[in-house]
Each structure stands twice: as C-alpha cells, then as structure tokens.
Amino acid sequence: VTIGSRSSIGWEHASVGILSDLDFHTVRISQGQDYRLGKMGYMFLNIGVEGRVETRDLTNLSTAIQGRLAIRTLPVGFFVGRMIIDAYLKNENRSQLLLGSDTGLRGYAVNRFAGEKRMLFNLEQRARIVHSPLLDVGSVLFVDMGHVFKESELMNPQKLNTSVGMGFRVSSRQFGWPMARLDLGY
C-alpha cells in the first residue's frame with residue numbers, strides 16, 4: 001500500500017559577486033515513494049539527480065538511488081535493509097564518494113575507499129533489550145557490503161567488500177539523549 005510520496009526541485013545560484021569562485025547554478029530534482037507492507041513493515045525508495053550549470057554546460061552531475069526496508073521479525077525486533085547506489089558524472093570538481101566506518105562500511109577504516117561511483121548494502125537484525133520511560137537499550141547484528149569504483153570502472157557487485165558485526169544502542173527520551181551507538185565490525 002502506497003502511504004506517501006515526496007517530490008522536490010531545488011535551484012541555487014552562486015556568483016563571484018557574492019564571494020563564489022565562479023558563476024553557476026545548481027539544480028536538484030528528487031522523487032521518493034513510501035510503502036506500508038501491511039502490519040509487517042515499511043519500504044522507502046528515493047531517486048535523485050543534481051548538477052551544476054555553467055554557461056549552458058551541465059557539469060558535476062550526481063545521481064543517487066536509495067532504498068530502505070524495515071520488516072518486523074520479533075515482538076521487539078526489526079530486520080532492516082538499506083541500499084545506496086550513487087555516482088558522480090562529468091565530475092570537474094574531483095568530488096569523491098567515500099566508504100568506511102561511519103560512511104557506511106563498518107569494520108573498515110574511516111573513508112578507506114574513495115572514488116566516483118558507490119554501491120552500499122546494509123542488512124541488520126535489530127532487537128530491543130530494554131524499553132522503559134527512562135531508557136531504551138537495543139542490540140544489532142549486521143552485514144555491510146560495499147565498494148567505491150573509479151569513474152572508468154564498471155560497477156561490479158563481485159568487488160564488494162564485506163564486514164559483519166554487532167552493536168548496541170542506548171537512548172533516553174525522558175532526558176532528551178540522542179541515540180548513542182557502538183558497533184564492532186570485522
């Protein structure tokens with residue numbers, strides 16, 4: 001059952017007159033769709049494109065496809081999956097997509113992988129251990145798979161790096177604590 005959709009269009013202007021190094025426009029378009037999977041869970045999909053327009057030439061084009069799935073598996077648990085496939089095309093700024101540790105591939109050094117095209121898949125089994133007005137504590141088992149490719153390389157799923165691990169989550173609504181995470185991956 002479709003429960004909602006999101007569309008957005010954005011435009012920005014940069015000018016040498018307002019402290020930019022160049023005159024250009026940035027255009028951004030995205031479309032998202034949300035689905036409820038009965039009482040089992042939810043699925044969220046999003047696709048987006050962003051580019052820079054300078055003197056009628058489109059440069060620094062980035063594209064992204066993202067999906068997230070959450071399915072109830074236990075009375076206090078969820079299976080969660082995430083997929084991101086994105087790329088820079090006509091990349092004149094030499095911007096890089098990154099993977100490693102907090103950028104999506106736990107168990108590897110921060111920003112271990114860099115390039116212009118990225119594939120990332122995360123699978124998690126989450127369970128709530130403690131749920132009280134004062135404190136929420138949860139656990140997670142995960143598998144992360146991903147790789148970043150150079151612009152000239154084909155995106156080949158056989159080159160994905162894999163890590164597995166576990167983690168804990170702690171938060172408190174009463175005290176306004178944001179969620180603290182500890183993940184150990186190999």
Side-chain angles (χ1 to χ4, degrees), residues 1-10 28-50 62-87 97-108 110-113 117-149 155-186:
V1 175
T2 302
I3 59 172
S5 63
R6 303 170 309 284
S7 298
S8 69
I9 298 174
R28 189 176 306 110
I29 301 170
S30 70
Q31 173 66 42
Q33 199 73 38
D34 302 340
Y35 301 92
R36 183 178 177 130
L37 307 173
K39 293 182 180 182
M40 292 176 46
Y42 297 90
M43 181 170 60
F44 308 100
L45 302 172
N46 194 65
I47 185 167
V49 177
E50 180 177 319
S62 66
T63 60
I65 298 171
Q66 298 184 30
R68 189 177 295 262
L69 177 69
I71 298 175
R72 185 174 303 281
T73 55
L74 306 167
V76 294
F78 274 92
F79 170 80
V80 178
R82 178 176 75 150
M83 171 202 75
I84 299 174
I85 299 174
D86 51 2
L97 296 166
L98 304 171
L99 265 184
S101 187
D102 61 339
T103 55
L105 197 55
R106 294 167 282 194
Y108 288 89
V110 174
N111 302 335
R112 164 76 168 77
F113 305 100
K117 297 186 269 184
R118 173 175 55 189
M119 294 176 91
L120 175 64
F121 303 93
N122 306 110
L123 302 173
E124 296 183 353
Q125 176 61 53
R126 299 177 183 175
R128 187 180 310 153
I129 299 169
V130 174
H131 179 62
S132 73
L134 291 176
L135 192 66
D136 285 316
V137 179
S139 65
V140 62
L141 298 173
F142 66 84
V143 176
D144 292 345
M145 298 162 281
H147 193 70
V148 178
F149 302 88
M155 293 177 86
N156 183 350
Q158 292 179 343
K159 291 187 175 185
L160 295 179
N161 301 286
T162 303
S163 65
V164 297
M166 60 183 274
F168 295 95
R169 311 286 186 261
V170 178
S171 68
S172 173
R173 288 174 280 157
Q174 173 134 0
F175 297 115
W177 297 347
M179 182 169 303
R181 299 172 26 157
L182 172 65
D183 290 333
L184 303 170
Y186 174 76

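What you see below is based on every heavy atom in this structure, not just the backbone, and it leaves out hydrogens, waters and symmetry mates. Remember, it's a predicted structure, so these values are computed and weren't measured experimentally.
A distance of 11.5 Å separates CG of D136 from CD of Q174, quoted to the nearest 0.5 Å. With values rounded to the nearest 0.5 angstrom, Q33 atom CD is found 9.5 Å from M43 atom CE. A distance of 9.0 Å separates CE of M145 from OG of S163, quoted to the nearest 0.5 Å. Interatomic distance, L69 CG to R82 CZ, rounded to the nearest 0.5 Å: 13.5 Å. How far CG of D183 is from CZ of F168: 10.0 Å, rounded to the nearest 0.5 Å. From S30, atom OG reaches atom CD1 of I9 across 9.0 Å, with rounding to the nearest 0.5 Å.
For E124, the salt bridge (Lys or Arg N to Asp or Glu O under 4.0 Å) criterion is met by R106, R126, not counting sequence neighbours.
D34 has a carboxylate O that lies under 4.0 Å from a charged side-chain N of R6, or vice versa, which qualifies the two as a salt bridge.
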Item to check | Working for side-chain contact (heavy atoms from CB on, under 4.5 Å), residues H131 and V76 | outcome: CA-CA 9 Å; H131 179 62; V76 294; over 6 Å; no

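The side chain to side chain contact (heavy atoms under 4.5 Å, CB included) test with D86 is passed by exactly one of T63, L97, I65: L97. None of L120, V110, N111, I84 except one satisfies the side chain to side chain contact (heavy atoms under 4.5 Å, CB included) rule with L99; the exception is L120.
With hydrogens and angles disregarded, a donor-acceptor distance shorter than 3.5 Å links the side chain of N122 to the backbone of G104. Checked by atom type and distance alone, the side chain of R36 pairs as donor or acceptor with a backbone atom of G38 at under 3.5 Å.
At least one side-chain heavy atom of L160 sits under 4.5 Å from a side-chain heavy atom of F121. Counting heavy atoms from C-beta on, the side chains of R112 and L105 never come closer than 4.5 Å. Using a 4.5 Å cut-off on side-chain heavy atoms (C-beta onward), F149 and M119 make contact. No side-chain heavy atom of F175 sits under 4.5 Å from any side-chain heavy atom of L135. With contacts defined as side-chain heavy-atom distances shorter than 4.5 Å, the pair V148/L98 does not qualify.
When all heavy atoms of S5 and Q31 are compared, the pair lying nearest together is CB-NE2, 4.0 Å. N161 and Y108 make their closest contact through CB-OH, 3.4 Å (heavy atoms, listed as atom of the first residue, atom of the second, distance). Annotation for R173 and S132: closest pair NH2-O, 3.9 Å, computed over non-hydrogen atoms. Across every non-hydrogen atom of R169 and R181, the tightest pair is CD-CG, 3.4 Å. The shortest non-hydrogen separation linking L45 to G67 is CD2-CA, 4.0 Å.
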